[in-house]
2 protein chains.
Amino acid sequence: MARPRTSARTVEHPSMAEVSLQQVLEALAEPVRRTVVSQLATAGEDISCGTFDVEVSRSTLTHHFNVLREAGVIRQYYVGTTKMNSLRTDEMEERFPGLLSALVTASALEADAPTH
Amino acid sequence: MARPRTSARTVEHPSMAEVSLQQVLEALAEPVRRTVVSQLATAGEDISCGTFDVEVSRSTLTHHFNVLREAGVIRQYYVGTTKMNSLRTDEMEERFPGLLSALVTASALEADAPTH
DNA sequence: TCGATTATTCGACAGGGGTCGTACGATGGA
DNA sequence: TCCATCGTACGACCCCTGTCGAATAATCGA
């Protein structure tokens, strides 16, 4: 009996109506997670979990991705053993207009002109 | 010797260049503090600390105001024994364009259409 | 079939932060 | 001068969350 050659592992995502502003802000108030979001926004393409440039262990990274996903910020799907990530940009824009984009902009701003 | 009839108690405020995105997000990720900000945004005028509609003790409230002030979100000044609060709307807009306004909008949105 | 790679799960740990009560300080009015 | 009011300071407490390592699961390629 052939198993499906495309991964059957599915990932649960909340509908945007289910996510609260509180969740989104908690998710985005964490530096590592904001780094992830920034890299996703900059990349312009989906990125696998393992290729992010962050200095935490794999298990910690898994935790952060879970928080981001449950907050509706990212979408995840398996490709083989790797898990791809993308921003739910448009949906977030519809749910909380201007919020995610302002945040990404602010992140970029600060990267250029650090507070120091 | 006449003491100044206008309170000499001054309050320290950071310049906007000194506040980090991290500080702002941490400040605004807390529900009580976001309630304070929402009420300030809605009021359209300066409000004294004691007149906010939040269910925490006075000492806790003091703590929240400190966090908001140090994050550059609010400005405070004494009038007699009462302490007035105002949003640093324009300055925040300049420092992190769209961020505070998106947040206030989102807060209002959710108040109308709760996640439930 | 076996190993390598990728990600998850679980338990444990430490630190931070929100909370309160009480005591204190500053101001204004009686 | 005395009291009431408004806010602060301090210490204590507890929960939440970010962190890790080790063990496990799933997939791909050789």
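Residue numbers start from 1 in every chain, and the chains themselves are labelled A, B, ... in the order their sequence lines are given, proteins ahead of strands.
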Between [N] atom [atom2] and [X] atom [atom1], what is the distance in whole Å?
{"X": "A:Leu68", "N": "D:dG18", "atom1": "CG", "atom2": "C1'", "result": "13 Å"}
{"X": "A:Leu61", "N": "C:dT8", "atom1": "CG", "atom2": "C1'", "result": "12 Å"}
{"X": "B:Glu30", "N": "C:dG17", "atom1": "CD", "atom2": "C1'", "result": "9 Å"}
{"X": "B:Leu25", "N": "D:dT17", "atom1": "CG", "atom2": "P", "result": "17 Å"}
{"X": "B:Met84", "N": "D:dC6", "atom1": "CE", "atom2": "C1'", "result": "13 Å"}
{"X": "B:Arg58", "N": "C:dG25", "atom1": "CZ", "atom2": "P", "result": "17 Å"}
{"X": "A:Leu28", "N": "D:dT17", "atom1": "CG", "atom2": "C1'", "result": "16 Å"}
{"X": "A:Glu26", "N": "C:dG17", "atom1": "CD", "atom2": "P", "result": "14 Å"}

>> Go nucleotide by nucleotide along DNA chain D from the 5' end; which of B:Asn66 and B:Thr82 gets its closest nucleotide reached first?
In response: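 Of the two residues, B:Thr82 wins.
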>> Quick one, B:Val67 and B:Glu30 - any side-chain contact, counting heavy atoms below 4.5 Å?
In response: no
State which of [options] makes the closest approach to the side chain of [X].
{"X": "B:Thr60", "options": "C:dT19, D:dC10, D:dT27", "result": "C:dT19"}
{"X": "B:Val32", "options": "D:dG7, D:dT17, C:dT19", "result": "C:dT19"}
{"X": "A:Tyr78", "options": "D:dT19, D:dG18, C:dT8", "result": "C:dT8"}
{"X": "A:Cys49", "options": "C:dG18, C:dA7, D:dC10", "result": "C:dA7"}
{"X": "A:Thr81", "options": "C:dC20, C:dA7, D:dT27", "result": "D:dT27"}
{"X": "B:Ser59", "options": "D:dT27, D:dA9, D:dG18", "result": "D:dA9"}
{"X": "A:His63", "options": "D:dT8, C:dG17, D:dT19", "result": "D:dT19"}

> Just by distance, with hydrogens left out, do A:Thr60 and A:Ser57 show a side-chain donor and acceptor under 3.5 Å apart?
Replying inline: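 Short answer, yes.
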Hey, is the side chain of [X] poking within less than 4.0 Å of OP1 or OP2 on [N], counting only N and O atoms?
{"X": "B:Lys83", "N": "C:dA26", "value": "no"}
{"X": "B:Thr62", "N": "D:dT8", "value": "yes"}
{"X": "A:Arg9", "N": "D:dT27", "value": "yes"}
{"X": "A:Arg33", "N": "D:dG18", "value": "yes"}

>> Working note: B:Tyr77 + B:Asp46, criterion side-chain hydrogen bond (donor to acceptor under 3.5 Å, both in side chains); need CA distance, chi angles, decisive distance, verdict.
In response: CA-CA 10 Å; B:Tyr77 56 96; B:Asp46 298 3; 2.4 Å; yes
> Of B:Leu68, B:Ile74, B:Val36, which is the lone residue that meets side-chain contact (heavy atoms from CB on, under 4.5 Å) with B:Leu87?
Replying inline: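 Of B:Leu68, B:Ile74, B:Val36, side-chain contact (heavy atoms from CB on, under 4.5 Å) with B:Leu87 is met by B:Ile74 alone.
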>> Determine whether B:Gln76 and B:Cys49 satisfy the following criterion, side chain to side chain contact (heavy atoms under 4.5 Å, CB included), listing intermediate values before the conclusion.
In response: CA-CA 9 Å; B:Gln76 300 188 290; B:Cys49 290; 3.9 Å; yes
> Out of curiosity, A:His13 NE2 to A:Arg69 CZ, how far, rounded to the nearest 0.5 Å?
Replying inline: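 Answer rounded to 0.5 Å: 6.0 Å.
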>> Heavy atoms only, 4.0 Å cut-off, all strands: where does A:His64 land among base, sugar-phosphate and nothing?
In response: sugar-phosphate
